[in-house]
K.L.:
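Before we start, here is the structure in question, set down as structure tokens.
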Amino acid sequence: ILLNGYYHLQDITLNVNYVNSLATDEGYDYKKNNSLDHISLNESTWDATLGITSEIWEHCFNMINRCNNVLQKLDNASETNRTQYEGEAKFLRAYAYFTLVRLFGAVPITTDPIDDYSTLYDYGRSSVNEVYSLIKDDLKTAIANLPNYYSANNMQGRATKIAAYTMQADVFMTLQDFNSAKNSLENILDYANQNKEKLDLENDVLQIYASDNPMGKEIIFAAQYNNGATVVANPLMGRCIPAARPSTQPAYIYPDGTSSTITVSQGTSCLLMTWELYNTFKANSNDQRFQKLIYNGIYTDDISVASNEVDITEEGYTYLPVTLKYFDFGNEGMTTCACGNDNIIYRYADVYLSLAEALVMKPGASASNYTEALSYVNKVRARAKLKDLKMNDVNTQEKFIDCILTERSHEFWCENGQYRADLIRHDKFVQRAIDVTQTPYANKYKELYPLPLSVITDGKGQVKQNPGYDK
């Protein structure tokens, strides 16, 4: 039952990537694929019929129910396993509720197993404060019960104390309790400083995502896929490849000129990189994340644009930049988008950048806090082969936060929807959507998604729709 809870992470993280990346200035759907869900996310026109959010809701509550089943049956486990299983179940339940409350706001709380999901709505919607209270309590138990690290290969990827501290910090950051977030993050930093071989930044950014380096030293928690991808493959590889014409183009050309065996005919164009984000990278073209994790060699022959904002072929056709975070270089021989790269939920670079933000945002932040914060930002930049920022670059809170948001967008784009949460936390989400897409539909109430239509129907008056979607 517990392991089945982990399997839901694949579907949740896939769709969380869509609802967060496509609704910000980091990703877009090419639209010619006629994928209405992805297009509505990109244009801020979504409503309660959005299938992607329905899937998130369904998988989160399935995960919650499995965790509640485990917790109910703890007495059947040995004393040693009982502690471990309780920690894991409460960690996963906290993750599911944290995902739900950030996307939908108030949601039904149930801590008992249910057999008929229609009865879930008899509970009504618990308040946001009540949901966060449960999340905090669950994470306290997870921190107390779980080990820092698993040495056994068959345990790699399961919830740890470090993962629980990281999610706890994420919760506190979302609630803008920056002092508490700082404390959680410092616990992780203390462990990492004493265990560099287990938790540290990778030297090469490609190694963060490589399918042959699953749960590498930078990864704190991830939704895992099979290395080799013959059984369970990550669909994001194909979703991030443009379905461009001519369709015989290789999806990637290696630096030595060798063409990938995978062609763009296997792409679906659902999660492409915006030119706005690409151009912010281009300003520092020696950035290793730009050089190794972005590919700009695919063009489409049905658009001819000459502009300073995009790169074009000699014929005037537009190149379509893409992320390589989900391009499985290890699976070239399969000639298909059988991706074994994991969907990363938390990694160590996030600890550095979150701690920097917490130090700058906490009440009464001092000059020494700013100096310390800048050192953490520069650690992430140094790995990307960028020069250190100086204090004059970030000598006000506003300038420092803008710097951190830029760094986070460059580090975590198309990765677990981190960027949308960052923008919402600093009240920049709506304006960024307007600036990039010029959509007239962006609105403050769209910081939350509507409850799925089926929830309102099954709720029979007990469950009310979110404001703005209830007309």
K.L.:
Are there over 12 heavy-atom neighbours, none belonging to N153, within less than 6.0 Å of that residue's CG?
P.N.:
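Incorrect, the count does not exceed 12.
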K.L.:
Which pairs pass ring pair (Phe, Tyr, Trp, His ring centres under 6.0 Å) with one or both residues in residues 234-278, sequence neighbours excluded?
P.N.:
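Listed by first then second residue: Y252-Y254, Y252-Y295, Y252-F327, Y252-F329, Y254-F329, W275-Y278, Y278-F290.
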K.L.:
What residue among R383, K292, Q288 forms side chain to side chain donor-acceptor pair (under 3.5 Å) with D204?
P.N.:
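Between D204 and the candidates, side chain to side chain donor-acceptor pair (under 3.5 Å) is satisfied uniquely by K292.
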K.L.:
Y150 and R158: which non-hydrogen atoms are nearest, and at how many Å?
P.N.:
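That would be CE1-O, 3.4 Å.
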K.L.:
Would you please say whether a donor-acceptor pair under 3.5 Å links the side chains of N284 and R381?
P.N.:
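No donor-acceptor contact under 3.5 Å links the two side chains.
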K.L.:
Go through the structure and list residues passing side-chain contact (heavy atoms from CB on, under 4.5 Å) with K464, not counting sequence neighbours.
P.N.:
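Listed in chain order: nothing, the list is empty.
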K.L.:
Identify the heavy atoms of W46 and P450 that sit nearest to each other, and give their distance.
P.N.:
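Answer, listing the atom of W46 first, then P450: CD1-CD, 3.6 Å.
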K.L.:
Between Y326 and C414, which heavy-atom pair has the shortest distance, and what is it?
P.N.:
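Nearest pair, atom of Y326 first, then C414: OH-O, 2.6 Å.
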K.L.:
With side chain to side chain contact (heavy atoms under 4.5 Å, CB included) as the test, would you mind laying out the steps for Q249 and T263 before giving the verdict?
P.N.:
CA-CA 6 Å; Q249 292 177 82; T263 65; over 6 Å; no
K.L.:
Which heavy-atom pair separates V264 from A244 by the least distance, and what is that distance?
P.N.:
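Smallest interatomic distance, heavy atoms only, reads CG2-O, 3.7 Å.
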K.L.:
For the residue pair N234 / D342, report whether a side-chain donor-acceptor contact shorter than 3.5 Å exists.
P.N.:
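No - no donor-acceptor pair under 3.5 Å links their side chains.
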K.L.:
Would you say E407's side chain and V380's backbone share a donor-acceptor pair under 3.5 angstrom?
P.N.:
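No; judged by distance alone, with no hydrogens or angles, the pair does not exist.
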K.L.:
Will you find, in the side chains of E202 and N213, an N or O donor that is under 3.5 Å from an N or O acceptor?
P.N.:
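Yes.
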K.L.:
How about R239 and Y18: does a side-chain donor come under 3.5 Å of a side-chain acceptor?
P.N.:
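Side-chain D/A pair, R239 to Y18: present.
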K.L.:
Side chains of Y6 and M63, heavy atoms from C-beta outward: is any pair under 4.5 Å?
P.N.:
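They are not in contact (no side-chain heavy atoms under 4.5 Å apart), so the answer is no.
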K.L.:
Answer yes or no: is there a donor N or O on one side and an acceptor on the other, between the side chain of N62 and the main chain of E58, under 3.5 Å?
P.N.:
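Flag set: sc N62 to bb E58 pair under 3.5 Å.
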K.L.:
For I456, what residues pass the side-chain contact (heavy atoms from CB on, under 4.5 Å) criterion, not counting sequence neighbours?
P.N.:
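If we apply the side-chain contact (heavy atoms from CB on, under 4.5 Å) test to I456, skipping adjacent residues, the hits are L451, V463, Q465.
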K.L.:
Going by atom types alone, do Q10 and N343 pair a side-chain donor with an acceptor below 3.5 Å?
P.N.:
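Judged by distance alone, the side chains do not pair up.
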K.L.:
Are the side chain of D328 and the backbone N or O of G340 linked by a donor-acceptor pair below 3.5 Å?
P.N.:
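Between the backbone of G340 and the side chain of D328 there is a qualifying donor-acceptor contact (under 3.5 Å).
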K.L.:
Could you check whether E357 and H426, counting side-chain N and O atoms only, form a donor-acceptor pair closer than 3.5 Å?
P.N.:
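Side chains of H426 and E357: pair found under 3.5 Å.
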K.L.:
Out of L14, V16, D11, T99, which one pairs with H59 under the side chain to side chain contact (heavy atoms under 4.5 Å, CB included) rule?
P.N.:
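Per the side chain to side chain contact (heavy atoms under 4.5 Å, CB included) rule, the option paired with H59 is D11, out of L14, V16, D11, T99.
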K.L.:
Determine whether the aromatic ring centres of residues W57 and F104 are separated by less than 6.0 angstrom.
P.N.:
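Yes.
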K.L.:
Can D177 and K136 be said to form a salt bridge (charged side-chain N to carboxylate O under 4.0 Å, His left out), step by step?
P.N.:
CA-CA 13 Å; D177 182 355; K136 290 178 187 177; 5.8 Å; no
K.L.:
Does the Lys NZ or Arg CZ of R420 fall within the cation-pi geometry relative to F429 - under 6.0 Å from the ring centre and within 45° of the axis?
P.N.:
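The answer is yes; both the distance and angle limits are met.
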K.L.:
Check R289 against V205 and note the closest heavy-atom contact, atom names and distance.
P.N.:
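Answer, listing the atom of R289 first, then V205: CG-CG1, 4.1 Å.
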K.L.:
Quick check with a 6.0 Å cut-off and a 45 degree axis cone: is R93 positioned over the face of Y95's six-membered ring?
P.N.:
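Negative - R93 is either too far from the ring of Y95 or too far off its axis.
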K.L.:
Show the numbers, then the answer: is there a side chain to side chain contact (heavy atoms under 4.5 Å, CB included) between I253 and T258?
P.N.:
CA-CA 6 Å; I253 297 178; T258 303; over 6 Å; no
K.L.:
Is it the case that the ring center of Y352 lies less than 6.0 angstrom away from the ring center of Y348?
P.N.:
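Yes, they do, as the ring centres are separated by less than 6.0 Å.
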K.L.:
Indicate the atoms forming the closest heavy-atom contact of N15 with I56, along with that distance.
P.N.:
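It is CB-CG1, 3.5 Å.
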K.L.:
If only side-chain N and O atoms count, and only distance matters, is there a donor-acceptor pair under 3.5 Å linking D25 with T274?
P.N.:
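Looking only at side-chain atoms, D25 and T274 do not form any donor-acceptor pair under 3.5 Å.
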K.L.:
Thinking salt bridges, do K198 and E218 make one under a 4.0 Å N-O criterion?
P.N.:
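No, this pair does not count.
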K.L.:
Please tell me whether E315 and Y299 have a donor and an acceptor in their side chains that are separated by less than 3.5 angstrom.
P.N.:
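Per modelled atom types, E315 and Y299 side chains form no pair under 3.5 Å.
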K.L.:
Output the distance between atom CG (L272) and atom OG1 (T323), rounded to the nearest 0.5 Å.
P.N.:
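Nearest 0.5 Å value for the CG-OG1 distance: 10.5 Å.
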K.L.:
Do S454 and D458 have a side chain donor and acceptor closer than 3.5 Å?
P.N.:
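The criterion, which ignores hydrogens and geometry beyond distance, is not satisfied for D458 and S454.
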